[in-house]
Amino acid sequence: MIIWFIFFLVVYVLIHKYGTTSSSQEKKLYIALFLVTIVYFAAFRDGIGSDYTAYKSYCERDVLEFGSLLAQEPLAYALESFCYNTDFSAVIFFLVSSLIICTLCTLIYTKYDNAVIALFVFVTYTNLYLSSLNLVRQFVAAAIILYGAYYYIQKTRSPIFFV
């Protein structure tokens, strides 16, 4: 429990610092520290989250068969295959997933008029990911859709972002 408390304390201090500084260099520093903190917490989570053992089993091929590429998303399958065919552990799966999710969501939420509230909501109220550390593959897809939708709706209306 103390780990959760420390995690949230550090994250909220970084969000507060981000919101109270006017220097763009300092804002970039606080966002970078925020990203490192949430990616680290989400990636190196040995045994935390009810889906941890499932994804670990996929990476060790206890569950997933080689012919089941069509039963799963290509990125998840590629990461699991990479872990299986190398000496890397399932941490690589969680690290890449966390980088995608946290980076894309943070990039979008910092564009909001009130980025402090948006980041606070992302960390506090996204039970899909940070509080339960479940649904990793689904949240990767949600982060990619969120990122594309922002640019499609707010910026260019380019079909590439819609796709």
Side-chain angles (χ1 to χ4, degrees), residues 1-15 18 27-111 115 118-151 160-163:
M1 187 62 159
I2 190 72
I3 297 298
W4 285 93
F5 177 76
I6 292 169
F7 167 73
F8 284 117
L9 180 66
V10 168
V11 166
Y12 294 149
V13 166
L14 291 171
I15 291 171
Y18 172 84
K27 281 187 180 281
K28 288 178 183 176
L29 172 68
Y30 290 127
I31 284 299
L33 291 172
F34 171 81
L35 268 172
V36 167
T37 303
I38 62 175
V39 166
Y40 180 84
F41 183 78
F44 301 99
R45 59 183 180 104
D46 189 25
I48 298 174
S50 63
D51 67 346
Y52 178 84
T53 53
Y55 289 121
K56 186 176 178 195
S57 294
Y58 292 153
C59 291
E60 294 170 352
R61 296 286 184 204
D62 291 341
V63 176
L64 191 65
E65 295 297 324
F66 283 105
S68 64
L69 173 61
L70 299 176
Q72 209 176 39
E73 300 84 6
L75 177 62
Y77 186 82
L79 287 172
E80 292 161 359
S81 295
F82 177 77
C83 292
Y84 178 75
N85 292 312
T86 63
D87 288 335
F88 290 106
S89 70
V91 170
I92 294 298
F93 175 83
F94 292 111
L95 179 62
V96 172
S97 299
S98 300
L99 281 170
I100 292 169
I101 294 164
C102 297
T103 302
L104 293 180
C105 288
T106 301
L107 285 174
I108 294 305
Y109 293 144
T110 55
K111 296 186 185 313
L119 292 170
F120 178 81
V121 168
F122 171 61
V123 171
T124 307
Y125 296 105
T126 52
N127 288 332
L128 289 173
Y129 187 63
L130 288 178
S131 68
S132 67
L133 296 173
N134 291 319
L135 305 173
V136 173
R137 292 181 0 237
Q138 292 85 339
F139 214 92
V140 167
I144 292 169
I145 289 170
L146 177 69
Y147 188 75
Y150 173 82
Y151 280 96
I160 191 75
F161 289 110
F162 180 74
V163 172

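This one's a predicted model, so the numbers in the text were calculated from it and none came from an experiment.
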| remark: All heavy atoms of Ala42 vs all of Phe94, minimum pair found to be O-CB, 4.3 Å
| field | Rounded distance (nearest 0.5 Å) linking atom CD1 of Ile15 with atom CG of Leu33 | value | 12.5 Å
| request: Give a yes or no on whether the backbone of Leu107 and the side-chain of Thr110 come within a donor-acceptor separation of less than 3.5 Å. | output: yes
| For Ser97 against Leu79, the heavy-atom pair lying closest together | OG-CD1, 4.4 Å
| task | First locate atom CZ of Phe7, then atom OG1 of Thr37, and finally report the distance between them rounded to the nearest 0.5 Å. | result | 7.5 Å
| remark: Tightest non-hydrogen contact, residues Val39 and Leu99, listed as CG1-CD2, 3.9 Å
| field | Closest approach of Glu80 to Phe93 (non-hydrogen atoms, all atoms of both residues) | value | OE2-CE1, 3.8 Å
| task | Might you work through the side-chain contact (heavy atoms from CB on, under 4.5 Å) test for Phe34 and Ile38, ending with a clear yes or no? | result | CA-CA 6 Å; Phe34 171 81; Ile38 62 175; 3.6 Å; yes
| query | Nearest 0.5 Å, what's the SG-CG distance between Cys105 and Leu35? | reply | 10.0 Å
| task | Show your reasoning for whether side-chain contact (heavy atoms from CB on, under 4.5 Å) applies to Ile92 and Thr86. | result | CA-CA 11 Å; Ile92 294 298; Thr86 63; over 6 Å; no
| field | Residue of the set Phe122, Phe120, Phe5 for which ring pair (Phe, Tyr, Trp, His ring centres under 6.0 Å) holds with Tyr12 | value | Phe120
| request: Please list, chain by chain and in numerical order, all residues satisfying side chain to side chain donor-acceptor pair (under 3.5 Å) with Tyr40, sequence neighbours excluded. | output: none
